[in-house]
Amino acid sequence: MSGSGEGGLREDLTRRALFLRSMLARPREVGAVWPTSRRAVRDLLDMADLSGARRVLEFGAGTGVYTQGILGRIPPDARLLAFEVDPGLASSVEEKLRDPRLRVICDSAENAEAYMEGGKADVIVSSLPFTTLPPGVRDGVLDLACRVLAPGGVVLVLQYSPAVLPHLRRRFSRVRRRVSPLNLPPAFLYACEDPRDGGGS
Ligand SMILES: C[S@@+](CC[C@H](N)C(=O)[O-])C[C@H]1O[C@@H](n2cnc3c(N)ncnc32)[C@H](O)[C@@H]1O
């Protein structure tokens, strides 16, 4: 996820320490001890075609491991809005991944619509811990995802438990699933398409 050699390793460790500190301060919002493995990020992003996406949203940027993966797949003129509520993590991602396509927004994913100028998102990538977040936040984010998704768009979700599945099925007509077994812990990956009327709420 970072540069090579000693500098890259130091940078990686610093980011992991920042993540751990955030986890200790707000365990239910962070919901994981380690950032997602690069393998699981790749497995999740492989579930959608990002090469033609014009606008992508990321929910829960954390240390930027998905952010970097998304930037590696979207076109040169696409836009990525990455939401992260922890100011320390948000500024670290912004500093590390300087890219004109990226805007890191230190605000809750629930408020994403306010930053979209009426546009829709072709792909939404979420690693928010839906099982430990308050149900109101989970429902708010999933309903918003249904509202702002462009026709033919995909919502990608990574979780460490399958508990979110009924909430996804209630809102989307099509939910594809796979497991990324080598992540620690194993990750449950979902690709959600075709929001039902009213987003299931
Ligand atoms: C499981 S961590 C995943 C982080 C990162 N994507 C990774 O795997 O390294 C979830 C992240 O979501 C952030 N978060 C929690 N609630 C949020 C919300 N409502 N809006 C945006 N980010 C949120 C947390 O601060 C945390 O960084």
Side-chain angles (χ1 to χ4, degrees), residues 1-2 11-48 50 56-73 80-97 102-116 121 123-145 147-148 155-164 167 179-180 182-190:
M1 132 170 160
S2 59
E11 204 181 287
D12 220 31
L13 290 174
T14 307
R15 258 197 321 280
R16 278 172 187 262
L18 202 60
F19 191 81
L20 197 56
R21 203 166 62 197
S22 188
M23 168 66 182
L24 293 173
R26 308 160 21 258
R28 296 179 74 83
E29 274 185 14
V30 175
V33 178
W34 297 111
T36 314
S37 70
R38 268 171 258 183
R39 175 66 182 266
V41 170
R42 200 173 66 219
D43 288 346
L44 182 69
L45 298 183
D46 280 350
M47 294 176 83
L50 282 149
V56 178
L57 303 182
E58 182 190 359
F59 296 160
T63 59
V65 59
Y66 296 83
T67 323
Q68 191 165 34
I70 296 166
L71 288 170
R73 294 180 184 224
L80 168 58
L81 304 184
F83 291 83
E84 171 52 57
V85 284
D86 183 306
L89 290 172
S91 54
S92 139
V93 171
E94 195 162 36
E95 273 163 34
K96 180 189 158 233
L97 302 176
L102 171 65
R103 181 176 173 200
V104 181
I105 299 166
C106 187
D107 194 356
S108 172
E110 297 158 278
N111 302 323
E113 218 165 353
Y115 299 88
M116 296 179 67
V123 181
I124 300 175
V125 179
S126 172
S127 57
L128 297 180
F130 286 124
T131 47
T132 54
L133 284 178
V137 176
R138 177 199 64 214
D139 291 343
V141 171
L142 292 176
D143 289 342
L144 167 126
R147 276 199 310 279
V148 303
V155 181
L156 299 178
V157 173
L158 177 139
Q159 294 290 283
Y160 295 121
S161 124
V164 76
H167 301 284
V179 175
S180 191
L182 298 181
N183 194 69
L184 215 65
F188 296 85
L189 314 179
Y190 303 99

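Note that the numbering runs from 1 along the sequence shown for the chain. Keep in mind that the numbers below use all heavy atoms, side chains included, and drop hydrogens, waters and symmetry copies. Both counts, for ligands and for their atoms, begin at 1 and track the order of listing.
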**OP:** Look at the side chain of Gln159 and the backbone N and O of Phe130, then say whether any donor-acceptor pair between them is shorter than 3.5 Å.
**Re:** yes
Original post:
Protein residues near ligand 1, heavy-atom distance below 4.0 Å?
Top reply: Phe19, Arg26, Glu29, Val30, Ala32, Pro35, Thr36, Gly60, Ala61, Gly62, Thr63, Val65, Tyr66, Phe83, Glu84, Val85, Leu89, Asp107, Ser108, Ala109, Ser127, Leu128, Pro129, Leu133
Original post:
In a check of side-chain contact (heavy atoms from CB on, under 4.5 Å) between Leu81 and each of Val104, Leu102, Val56, Ile105, which one passes?
Top reply: Ile105
Subject >> Partners meeting salt bridge (Lys or Arg N to Asp or Glu O under 4.0 Å) with Asp46 (sequence neighbours left out) >> reply: Arg73
**OP:** Could you tell me which residues satisfy side-chain hydrogen bond (donor to acceptor under 3.5 Å, both in side chains) with Glu29, sequence neighbours excluded, listed by chain and number?
**Re:** Arg26
Original post:
Do Ser127 and Tyr66 pass the side-chain hydrogen bond (donor to acceptor under 3.5 Å, both in side chains) test, and can you show the C-alpha distance, the side-chain angles, and the key distance before you say yes or no?
Top reply: CA-CA 9 Å; Ser127 57; Tyr66 296 83; 4.6 Å; no
Subject >> With sequence neighbours excluded, residues passing side-chain hydrogen bond (donor to acceptor under 3.5 Å, both in side chains) with Asp139 >> reply: Arg171
